[in-house]
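What follows is one structure encoded as structure tokens, with my remarks underneath.
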Amino acid sequence: MTEKIIHQKHVTENFITHIIDEDLASKKHKNIVTRFPPEPNGYLHIGHAKSICLNFGIAADYQGTCHLRFDDTNPEKESKEYAEAIQRDIKWLGFDWQENKFHASDYFEQLYGFAEQLINKGLAYVDDQSAEDMRENRGDFNRPGINSPFRGRTADENLVLFKAMRAGEFADGAKVLRAKIDMQSGNINMRDPVIYRIRRLHHINTGDEWCIYPMYDFTHCLSDALEGITHSLCTLEFEDHRPLYDWVIDNVDIECHPQQIEFSRLNVSYTITSKRRLAQLVEQGNVDGWDDPRMSTISGLRRRGYPPAAIRDFVKQVGISKKNSVISMTILEDVIRNHLNQTSPRVMGVLHPLKVVIENYPDDQVEMLTGANHPQDESFGTREIPFSREIYVEQSDYKENANRKFFRLTEGREVRLRHAYYITCREAIKDATGNVIELRCTYDPESRGGTEDGRKVKGTIHWISAAHAEPVEVRLYDRLFNHPNPASMENFMDAVNPNSLEILPNAMLEPGIAAQEADVVYQFERNAYFKRDKTHEKDKPVFNQVVTMRDSWAKLEQQ
RNA sequence: UGGGAUGUAGCCAAGCGGUUAAGGCACCAGGUUUUGAUCCUGGCAUGCGAAGGUUCGAAUCCUUCCAUCCCAGCCA
């Protein structure tokens with residue numbers, strides 16, 4: 001059972017580990033070095049978790065190293081807040097970059113030197129064309145590009161111009177530095193890509209030191225090489241950039257040549273993992289911020305109560321390949337349930353309370369009953385639960401016209417109260433509109449502990465002593481979208497599920513649980529797993545539903 | 001119509017020329033059970049995008065075709 005959770009390796013065998021195995025066997029590398037390279041321009045989401053688990057996981061599996069490197073080459077969108085949030089999320093997921101935290105901006109001076117090398121070799125030039133002209137001259141899929149009129153500038157000329165760019169002698173956008181490759185290439189990335197642009201913006205790391213900033217394609221490969229990265233793992237959309245990645249390293253004076261390997265992004269059904277779209281949900285108020293428990297952000301998953309180990313396990317289970325895919329959310333839920341089933345103490349919580357009066361139970365009596373905190377694991381211990389004449393049960397545990405398949409309360413039927421007595425339903429009290437507002441039952445005093453005595457009692461239901469029940473707010477979550485692949489829609493906002501949050505202001509919980517200090521996930525037996533929300537307070541307890549239990553009765557009932 | 005990739009069950013995914021095509025999720029059928037939970041047992045691809053070909057032997061090699069995804073930022 002625990003094998004599902006405790007793994008020897010972080011990453012199962014895949015085409016990337018095969019490459020690494022070969023590189024190790026051929027002595028191409030002795031130590032493996034990977035990197036997770038986020039741009040600090042937003043919050044991490046479940047898609048990033050895949051990259052984090054892959055890169056840090058491979059490093060751990062091979063006794064290597066994984067660097068955290070902020071790809072901070074575009075100050076326009078980056079902030080320290082994002083950088084801090086990213087670090088918090090990685091640590092929460094259970095990974096540690098140790099002393100290996102870097103920034104692309106740490107290399108700005110070296111990068112500048114590499115650019116000068118390209119210029120000296122006649123492999124880079126300063127271009128004065130407007131952005132519009134550049135776009136026009138780049139051509140398209142069916143039309144080769146046209147050489148820039150500035151492509152023929154001499155190295156000396158380019159060197160002077162590039163220095164002047166750095167010195168701030170030109171306006172933003174007036175000039176760029178371009179790699180001189182091939183304007184006819186079928187790969188548009190190779191049609192003299194821009195490698196430096198002029199931007200007068202304050203940088204989170206270098207302040208106002210620079211007014212020119214290197215582009216991703218020039219920066220990333222060299223940062224990898226500078227750090228001695230052996231395997232640079234990125235997502236599929238960078239496949240077309242690999243020739244450029246290799247070109248830059250090959251044409252500059254540097255020994256290390258990391259191998260870029262691409263894998264497919266993680267998509268999960270009924271969710272969205274696009275910074276832009278997630279931002280839209282926040283801005284339009286569909287959710288309660290970036291860490292709303294319905295969000296696929298790491299902070300959302302954390303607030304929701306998903307165990308980080310389960311997320312790691314999830315990433316491991318879905319595997320690594322190059323195939324575009326949408327992973328079923330049921331896999332995520334399965335792995336969450338697996339972890340929680342083994343780690344969550346059981347407790348009774350009534351979500352939709354219905355009062356039950358046990359007519360033959362003494363009015364002033366209170367008994368303490370013992371309940372196991374985990375049905376399969378004695379190490380969880382036991383607790384004392386108060387029982388009295390008036391209790392709450394779940395509204396759905398009573399049905400007026402029930403067939404034989406219904407094991408719960410209906411007139412004349414006997415059920416077992418979890419950890420307590422057998423009770424038999426005698427009468428349902430209704431209000432003026434016909435709603436059942438109270439059940440009158442009798443109990444069997446001989447059945448304390450719910451002992452078997454030959455009677456056929458199939459149903460066991462949870463309950464709370466009314467006098468001891470602690471009211472709590474419970475928040476139930478459903479999928480945020482009604483469409484399995486919202487990202488594929490014309491307008492994903494049309495798929496937003498209007499009923500993704502249900503607040504139950506008057507759920508009832510066993511005494512003592514809401515006030516506990518420990519930040520644990522509880523199983524409210526027969527309902528779901530719950531964890532306190534960040535807004536939880538002792539006098540205003542709030543619990544989030546992490547994930548429901550499997551419910552084969554619900555399936556049966558639908559038929 | 002250019003370039004780059006990918007197609008194994010409803011969703012993922014092993015497989016790397018040689019027994020009846022791993023495993024997980026989902027689904028179905030049983031068993032156990034003081035959670036209709038958990039757990040256990042069984043079922044679930046004569047088939048690997050399609051068609052040809054090579055071979056004693058093909059998901060694995062070759063050819064052609066089809067489908068899907070990515071690329072025309074001074075974003076990453």
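Numbered from 1 within each chain, the chains take letters A, B, ... in sequence-line order.
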At under 4.0 Å, does any side-chain N or O of [X] touch on OP1 or OP2 of [N]?
X: A/Ser552; N: B/rA37; value: yes
X: A/Lys323; N: B/rU8; value: yes
X: A/Lys555; N: B/rC27; value: yes
X: A/Ser328; N: B/rA26; value: no

In this structure, how many angstroms lie between the [atom2] atom of [N] and the [atom1] atom of [X], rounded?
X: A/Asp551; N: B/rG36; atom1: CG; atom2: C1'; value: 7 Å
X: A/Arg191; N: B/rG4; atom1: CZ; atom2: P; value: 13 Å
X: A/Phe314; N: B/rG23; atom1: CZ; atom2: P; value: 21 Å
X: A/Tyr522; N: B/rA37; atom1: OH; atom2: C1'; value: 19 Å
X: A/Phe380; N: B/rU38; atom1: CZ; atom2: P; value: 16 Å
X: A/Leu340; N: B/rA37; atom1: CG; atom2: P; value: 17 Å
X: A/Met549; N: B/rU35; atom1: CE; atom2: P; value: 10 Å
X: A/Ile331; N: B/rG24; atom1: CD1; atom2: P; value: 12 Å

Scan [X] against the nucleic acid and name what it touches under 4.0 Å (heavy atoms): base, sugar-phosphate only, or nothing.
X: A/Ile320; result: sugar-phosphate
X: A/His462; result: nothing
X: A/Glu333; result: nothing
X: A/Val326; result: sugar-phosphate
X: A/Arg178; result: nothing
X: A/Arg346; result: base
X: A/Tyr421; result: nothing

Using purine N1 to pyrimidine N3 plus N6-O4 or O6-N4 for Watson-Crick, or N1-O2 and O6-N3 for G-U wobble, both under 3.5 Å, which nucleotide pairs with [N]?
N: B/rA58; answer: none
N: B/rG7; answer: B/rC66
N: B/rG42; answer: B/rC28
N: B/rA13; answer: none
N: B/rC48; answer: none
N: B/rA72; answer: none

**Test item: A/Thr17 side-chain N/O and A/Asn14 main-chain N/O as donor-acceptor pair under 3.5 Å** =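 Yes; at least one donor-acceptor contact below 3.5 Å.
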**Request:** State which of B/rA13, B/rU35, B/rU38 makes the closest approach to the side chain of A/Arg550.
**Result:**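 Selected nucleotide: B/rU38.
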**Message:** Heavy atoms from C-beta onward define the side chain here; which of B/rU38, B/rU6, B/rC11 lies closest to that of A/Asn341?
**Reply:**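 Ranking B/rU38, B/rU6, B/rC11 by closest atom to the A/Asn341 side chain puts B/rU38 first.
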**Asked** For the atom pair CE (A/Met549) and CZ (A/Arg337), what is the distance rounded to the nearest 0.5 Å?
**Response**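 Answer for the CE-CZ pair, A/Met549 versus A/Arg337, is 8.5 Å.
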**Request:** Starting at CD1 of A/Ile58, measure out to CD1 of A/Ile20 and round the result to the nearest 0.5 Å.
**Result:**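 Interatomic distance, A/Ile58 CD1 to A/Ile20 CD1, rounded to 0.5 Å: 4.0 Å.
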Parallel, tilted or perpendicular for [X] and [Y], by the 30°/60° rule?
X: A/His48; Y: A/Phe36; result: perpendicular
X: A/Tyr196; Y: A/Tyr112; result: perpendicular
X: A/Phe238; Y: A/Tyr216; result: tilted

**Request:** Considering non-hydrogen atoms only, spot the tightest contact between A/Ile272 and A/Phe481 and give its length.
**Result:**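 Closest approach of A/Ile272 to A/Phe481, heavy atoms only: CD1-CZ, 3.8 Å.
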**Request:** Determine the minimum heavy-atom distance between A/Glu394 and A/Val350, stating which atoms define it.
**Result:**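 The answer is OE1-CA, 3.5 Å.
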**Prompt:** Among A/Arg383, A/His462, A/Glu525, which residue meets the side-chain contact (heavy atoms from CB on, under 4.5 Å) test with A/Glu510?
**Reply:**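 For A/Glu510, the side-chain contact (heavy atoms from CB on, under 4.5 Å) test succeeds with only one of A/Arg383, A/His462, A/Glu525, which is A/Arg383.
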Please measure how far the [atom1] atom in [N] lies from the corresponding atom in [M], and state the result in whole Å.
N: B/rG47; M: B/rU20; atom1: P; value: 15 Å
N: B/rC48; M: B/rC61; atom1: C1'; value: 16 Å
N: B/rA59; M: B/rA51; atom1: C1'; value: 16 Å

**Request:** Using a 4.0 Å cut-off on protein heavy atoms (strictly under), produce a 5'-to-3' string for nucleotides 70-76 of chain B with B for base contact, S for backbone-only sugar-phosphate contact, and - for none.
**Result:** BBBSBBB
**Request:** Assign each of A/Arg448 and A/Lys322 to its nearest nucleotide of RNA chain B by heavy atoms, then name whichever residue's nucleotide is nearer the 5' end.
**Result:**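 Looking at RNA chain B, the more 5' nearest nucleotide goes with A/Lys322.
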**Asked** When only distance counts, do a donor and an acceptor, one from the side chain of A/Gln523 and one from the base of B/rU35, lie under 3.5 Å apart?
**Response**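 Yes, the side chain and the base share a sub-3.5 Å donor-acceptor pair.
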**Asked** Quick one: salt bridge (charged side-chain N to carboxylate O under 4.0 Å, His left out) pairs with a partner in residues 172-182 of chain A, sequence neighbours left out?
**Response**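 Sorted pair list: A/Asp127-A/Arg178, A/Asp128-A/Lys175, A/Asp172-A/Arg200.
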